[in-house]
**Q** 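Pasting a structure here, questions to come.
Order of the sequence lines sets the chain letters (A, B, ...), proteins ahead of strands, with each chain counted from 1.
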Amino acid sequence: MKEAIAEALQHALSRCQENGSLPDDLTARIQVDHARDKQHGDFATNLALTIAKAAKQKPRDLAELIVANLPDSDVIEKVEIAGPGFINFYIKSDAQSSVISNILNRQEKFGLAEIGKGKKIQIEFVSANPTGPLHVGHGRGAAYGAAVANLLKAIGYDVHCEYYVNDAGRQMNILAASVWLRYLELCGEEYPFPVNGYKGDYVLDIAAALHRENGDKMYHSWTEISKDLPKDEPEGDKELYIDAIIDKMKTLLHPDQYNLVFDVGLNYILDDIRDDLEHFGVVYDEWFSERSLTNSGDVTLALERLQKSGHCYEKEGAIWFKSSDFGDEKDRVLVRDNGQTTYFASDIAYHMNKLERGYDRVIDIWGADHHGYVPRVKAALQALGDDPDKLDVLLVQFAVLYRGGEKIQMSTRSGQFVTLRHLRKEVGSDAARFFYVMRKCEQHLDFDLDLAMSQSNDNPMYYIQYAHARVCSVFSQLSDKGFEFDQANGLAHLDLLIESHENALVTRLSRYPEIIARAGQQHEPHQLVHYLRDLANEFHTYYNAHQFIVDDKNVRDARLCLITATRHVISNGLSLLGVSAPEKM
RNA sequence: GCGCCCGUAGCUCAGCUGGAUAGAGUACCGCCCUCCGAAGGCGGGGGUCACAGGUUCAACUCCUGUCGGGCGCGCCA
């Protein structure tokens, strides 16, 4: 509809230029907006105001000129000039109501677009370290990432969802050490658990599994382990201490044994995460291993290419990337003085790998605490000769949890956190998914657990789902009363939908495709949330104002067509958000 | 200190990439079920859009500065 009006305006402009009433070199970006106020019609354009200066004419005069040159249209009812020079358009009602038959034909396909046809997008999200279960902070990234992916698919992109598994590095070694120490407890050993070890219950479970499978095979006494160890906190340094334990573990255990402990821990947690996300309705096309980048030689290759680019140097035994050449605040280490590559080096290789896979666009969704990391990754891509603009990093602010009005402090290491699994079980996947995407990602999210877990009616999700359930309920009433719905008859009598509530609802329905397109392109699922709330509101208002099951068959069928269309749109929208549309509540 | 994000109704947030009188929810007050689910609807009060300048026919929106809040500035990942 918007396009039709923009096209008409373009015609009018060209016509004015042909007959000399406007200068030839005039170019205008035609903008058509939904009128905010009903008194301003359905659509409005500020075209006359924007070209006033270039055309050297008064906006109101220009508006009249444009209107006079508008081509005939079968959708425009009338045109008005208002205020300083706005042009307001009123749409013919039969053009509006055609959206109903469109929805009833397309059903679950209504709203889909082909904006991204033929374009491939890779989207990576969550990617939490496999050192423990997902917590509610990760949940936001999961819900947001999945919703963005759904929206992009809906507008025609070929979307590939990926989870980057950080299965290399120090954190994983700490996990392995934590598991091993818990395992020693099961062998009957007693010792003080390291301050910096992972203390969550899941570590006990992993250790138990390890002990079940292997008995005491990997047992070493604490006196043997603790020999020459530095002091743990509070007397000593907890970081040095845990590293010393890892070293000791590596010397005491056969490499195969070390890897076994490591892998049992990794796989246990990864399985848990995968299972958790699946129940959350979040599925990935690929789980990409950080270690695989080292094994495949991609890390070496990335480092070579970076060094060839001339933006690397050696200092104090380490190899540095001169990211400050590309706007980063300081240079970054790629290879440590001990010869080990950094996480950053893997990440460069990973992003290089992503772009080499031929995606038109690559989206990373990170926690906002990683924002300082963006410039260095883009710098690396630029140094490698790739286009850094192909990478979109979307930063999600953390969800701040409240319980009893108090902010909850969380730490993975101490094991004090609310898991996503827990949240899901308490409030259900639907409410959690909905809550997480209600506000835009750069906004802090206050997640009140008491409110969410109490299944309160305050949750706007119920309002939307209720609208859907109400439509379904009307249809069960219909058969109870011995009526049948004749869709074809309803579509033939859409002109009977003359009530203002009906017009408002139809107008709202007609905007759905636009909302999907915009929410997708701007990566903003919250726009869809707000739309659905408005749509539900329009429906509930209509429901209260008018009876649908009336004796007049034509009116009845027409109204049933309208509410069925509403049901489809609600269902389609909720499904993109990962929320169900129940028929009964 | 530097960098990124945020400051809109008592509270939680929208505001369509500069447009017409700044909107919802919630909370508070008052109405509406002999009628398809009241998990609903209708009405009411409540705002110097943090502050100060600037650009513009037009600024919540763009620019600069100030103040307030969050986060980040490792040879951790």
**Q** Give the rounded distance in Å between these two atoms: OH of Tyr343(A) and C1' of A77(B).
**A** 6 Å
**Q** Can a salt bridge be assigned to the pair Lys354(A) and Glu162(A) using a cut-off of 4.0 Å between side-chain N and carboxylate O?
**A** no
**Q** May I ask which nucleotide in the shown strands pairs with C71(B), Watson-Crick or G-U wobble, both distances under 3.5 Å?
**A** G3(B)
**Q** With a 4.0 Å cut-off, would you call Lys378(A) and Asp347(A) a salt bridge?
**A** no
**Q** When you compare the ring of Tyr466(A) with the six-membered ring of G40(B)'s base, are the centres less than 5.5 Å apart and the planes under 30° from each other?
**A** no
**Q** Run the side chain to side chain donor-acceptor pair (under 3.5 Å) test against Tyr164(A) and tell me which residues pass, sequence neighbours left out.
**A** none
**Q** Measuring from the side chain of Ile549(A) (C-beta onward, heavy atoms only), which nucleotide among A20(B), G7(B), C36(B) has the closest atom?
**A** C36(B)
**Q** For the residue pair His530(A) and His526(A), does the interplanar ring angle fall in the parallel (under 30°), tilted (30 to 60°) or perpendicular (over 60°) class?
**A** perpendicular
**Q** Between Arg170(A) and Asp243(A), does at least one N-O distance fall below 4.0 Å, as a salt bridge requires?
**A** yes
**Q** May I ask you to verify if any side-chain N or O of Lys330(A) is less than 4.0 angstrom from the OP1 or OP2 atom of C73(B)?
**A** no
**Q** Is there a Watson-Crick or G-U wobble partner for U21(B) with both distances under 3.5 Å, and which nucleotide is it?
**A** none
**Q** With the threshold set at 4.0 Å, does a side-chain nitrogen-carboxylate oxygen contact exist between Arg361(A) and Asp392(A)?
**A** yes
**Q** Could you tell me which nucleotide pairs with G10(B) by Watson-Crick or G-U wobble geometry, both distances under 3.5 Å, or answer none if nothing does?
**A** U26(B)
**Q** Under a 3.5 Å cut-off for both contacts, is C36(B) paired Watson-Crick or G-U wobble with anything, and if yes, with which nucleotide?
**A** none
**Q** Let's see if you get this right: which residues in residues 532-541 of chain A place a heavy atom under 4.0 Å from RNA chain B?
**A** Arg533(A), Asn537(A), His540(A), Thr541(A)
**Q** Give a yes/no answer on whether the side chain of Lys440(A) brings an N or O atom under 4.0 Å of OP1 or OP2 in G15(B).
**A** yes
**Q** Looking only at the side chain of Arg170(A) (C-beta and beyond, no hydrogens), which of the listed nucleotides U56(B), C16(B), A77(B) gets closest?
**A** A77(B)
**Q** Distances under 3.5 Å only, N/O to N/O: pair up the protein atoms with those of nucleotides 61-63 of chain B.
**A**
none

**Q** Give me syn or anti for C33(B), where syn covers glycosidic angles within 90 degrees of 0.
**A** syn
